[in-house]
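What follows is a short report on a single structure.
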Number of protein chains: 2
Amino acid sequence: MLKLSKKVEYGLIAIRHIASLGNQISTVKEIAERYNIPNELLAKVMQKLAKGKVIYSYQGSLGGYTLARAADQISIMDVIHVIEGTQPAIAECLGKIEHTCSVYDNCTIKNPLEKIQYNLEQVFSSMKVSEIV
Amino acid sequence: MLKLSKKVEYGLIAIRHIASLGNQISTVKEIAERYNIPNELLAKVMQKLAKGKVIYSYQGSLGGYTLARAADQISIMDVIHVIEGTQPAIAECLGKIEHTCSVYDNCTIKNPLEKIQYNLEQVFSSMKVSEIV
DNA sequence: AACATATCCGACTGGAAAAGTCCTATTTAT
DNA sequence: ATAAATAGGACTTTTCCAGTCGGATATGTT
């Protein structure tokens, strides 16, 4: 409950890794080995980040990835959004056009949930990948 | 991802329902029918809320539940904590003594995650069930 | 041209967690 | 006694996520 997916975790790790090397080109293999992340899974994450223009990809031998912008310009929200394909939603009734929830019509917590949702979005949008406690 | 569980949703709905009736005694059957929630599931949620002293239970015929304190004294965090049995954790490495995460030793996002975690807890603790947008 | 090493991408599988069901015991007002 | 409520353990079903597999495409090196 309320967990980030592994994909998002791996994405954050990868972005921070590339940033830590001064935005040199990095490969999936290199990152996966360094952090003990399943290669194929990380590969998919990187592909999504590239598609979402958070990172650049370079194909072919000597290929790899660099950041598309500085790490302090990449929010946690950017990463979540690009990897998951949707805004994070604490309940299925939020952020959808189709309302498939069986409770929907009688639901008394839609509005409160929206408020929670809004606050979470603030948290994730305001935090950049570069931030370290 | 980052979803509240149905149990928590149902718990919030139930609490707001009881509060809306001026803290009259309410039954599982009544609430389940009113909001189209599976009876047995709601029953378990209510039992947990009662055990966690968020609501009072009255057994026997004419029994049911009332709030143990005013709705503006019940935070979302209270409900999550009591129903889930743990604090919400956005990653398994947080809030545990055993570190079972394969990435743990090389993980560069532990600290940032802790910061996110802290902010989420603030959001959930500061919001009371009574709040309506 | 051939090869090695990358990214790209869809389909599939297994397992864990969440959602929901079932059954029985206990309590209590009538 | 009976009916209506909570209490609670055991179970099944469903859904989602992590991880795997196979093959296609791109590109630098030899």
Side-chain angles (χ1 to χ4, degrees), chain A residues 1-11 13-14 18 24-33 35-66 80 83-86 88-92 100-103, chain B residues 1-11 13-14 18 24-33 35-66 80 83-86 88-92 100-103:
Chain A
M1 224 211 80
L2 288 173
K3 266 214 188 94
L4 290 176
S5 69
K6 288 284 181 192
K7 288 183 190 174
V8 170
E9 285 186 39
Y10 296 157
I13 289 175
I18 300 173
Q24 277 178 46
I25 204 165
S26 304
T27 66
V28 165
K29 193 184 174 204
E30 163 195 334
I31 299 173
E33 282 176 359
Y35 299 99
N36 201 26
I37 297 171
N39 200 287
E40 297 296 320
L41 191 51
L42 180 60
K44 280 224 213 70
V45 168
M46 299 305 269
Q47 284 159 30
K48 287 205 171 177
L49 287 173
K51 242 188 160 179
K53 301 202 161 63
V54 173
I55 60 181
Y56 288 139
S57 77
Y58 303 90
Q59 289 196 335
S61 144
L62 298 197
Y65 298 95
T66 59
I80 293 175
I83 291 179
E84 298 296 330
T86 60
I90 58 170
E92 57 178 319
T100 52
C101 178
S102 68
V103 185
Chain B
M1 224 210 81
L2 289 173
K3 264 212 189 98
L4 292 175
S5 69
K6 289 284 181 191
K7 287 184 191 175
V8 170
E9 284 187 40
Y10 296 158
I13 290 174
I18 300 172
Q24 275 177 46
I25 204 166
S26 303
T27 68
V28 166
K29 193 183 173 205
E30 161 195 335
I31 299 173
E33 282 177 359
Y35 300 100
N36 201 26
I37 296 171
N39 200 286
E40 296 297 320
L41 192 50
L42 180 60
K44 284 227 207 64
V45 168
M46 298 304 270
Q47 284 161 28
K48 287 204 172 179
L49 288 173
K51 246 192 157 175
K53 301 206 162 62
V54 173
I55 59 181
Y56 287 139
S57 77
Y58 302 91
Q59 290 196 336
S61 145
L62 298 196
Y65 298 95
T66 59
I80 292 175
I83 291 179
E84 298 297 330
T86 60
I90 59 169
E92 56 177 319
T100 53
C101 178
S102 67
V103 185

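Each chain gets a letter, A, B and so on, in the order the sequences are listed, and its residues count up from 1.
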**OP:** Looking only at non-hydrogen atoms, find the nearest pair between Val103(B) and Tyr35(A) and report the distance.
**Re:** CG1-O, 3.6 Å
Subject >> Of all pairs that satisfy side-chain hydrogen bond (donor to acceptor under 3.5 Å, both in side chains), the ones with a partner from residues 48-61 of chain A, not counting sequence neighbours >> reply: Tyr58(A)-Thr66(A)
Subject >> Closest-nucleotide ordering on DNA chain D, the 5'-leading residue of Lys51(B) and Lys29(B) >> reply: Lys29(B)
**OP:** Could you tell me the separation between the OH atom of Tyr56(B) and the P atom of dT6(D), rounded to a whole number of Å?
**Re:** 18 Å
Original post:
Does OP1 or OP2 of dG19(D) have a side-chain N or O of Tyr10(A) closer than 4.0 Å?
Top reply: yes
**OP:** Compare side-chain N and O positions of Tyr65(B) against OP1 and OP2 of dA7(D) and report whether any pair is under 4.0 Å apart.
**Re:** yes
Original post:
Below 4.5 Å, heavy atoms only, C-beta onward: do Ile80(A) and Leu2(B) meet side chain to side chain?
Top reply: yes
**OP:** To the nearest Å, give me how far apart CD1 (Ile37(A)) and P (dA18(D)) are.
**Re:** 12 Å
Original post:
Does any non-hydrogen side-chain atom of Ile25(A) lie less than 4.5 Å from one of Tyr65(A)?
Top reply: no
**OP:** Measure from CD on Glu9(A) to P on dA18(D) and round the result to the nearest Å.
**Re:** 8 Å
Original post:
Looking only at heavy atoms, what is the nearest atom pair of Ile18(B) and Ser26(B), with distance?
Top reply: CG1-OG, 3.8 Å
Subject >> Glu33(A): partners by side chain to side chain donor-acceptor pair (under 3.5 Å), with sequence neighbours left out >> reply: none
**OP:** In whole angstrom, give the distance that lies between atom CD1 of Ile13(B) and atom P of dA19(C).
**Re:** 13 Å
Subject >> Selection: residues 41-50 of chain A, any non-hydrogen atom under 4.0 Å of DNA chain D >> reply: Leu41(A), Lys44(A)
**OP:** Supply the atom-to-atom distance Leu42(B) CG to Asn36(B) CG, rounded to the nearest 0.5 angstrom.
**Re:** 11.5 Å
Subject >> Separation of atom CG in Leu4(B) from atom P in dA19(C), rounded to whole Å >> reply: 10 Å
Original post:
With Glu84(B), which residues qualify under side chain to side chain donor-acceptor pair (under 3.5 Å), at least two apart?
Top reply: Ser5(B)
**OP:** Would you mind reading off the distance between Glu40(A) atom CD and dG23(D) atom P, rounded to a whole angstrom?
**Re:** 13 Å
Original post:
What is the distance, rounded to the nearest whole Å, between atom CG of Asn39(A) and atom P of dA6(C)?
Top reply: 10 Å
Protein and nucleotides 15-17 of chain D: nitrogen or oxygen contacts under 3.5 angstrom:
unit_1: dC17(D); atom_1: OP1; unit_2: Met1(B); atom_2: N; d: 3.4

Original post:
Taking side chain as C-beta onward, heavy atoms only, is Ile90(B) less than 4.5 Å from Lys3(A)?
Top reply: no
Original post:
Using a heavy-atom distance cut-off of less than 4.0 Å, which residues of residues 57-64 of chain B contact DNA chain D?
Top reply: Ser57(B), Tyr58(B), Gln59(B), Gly60(B), Ser61(B), Gly63(B), Gly64(B)
**OP:** Calculate, to the nearest 0.5 Å, the distance between atoms CG and NZ belonging to Asn39(A) and Lys44(A) respectively.
**Re:** 11.0 Å
Original post:
Should Glu92(B) and Lys6(A) count as an ion pair when the cut-off is N to O under 4.0 Å?
Top reply: yes
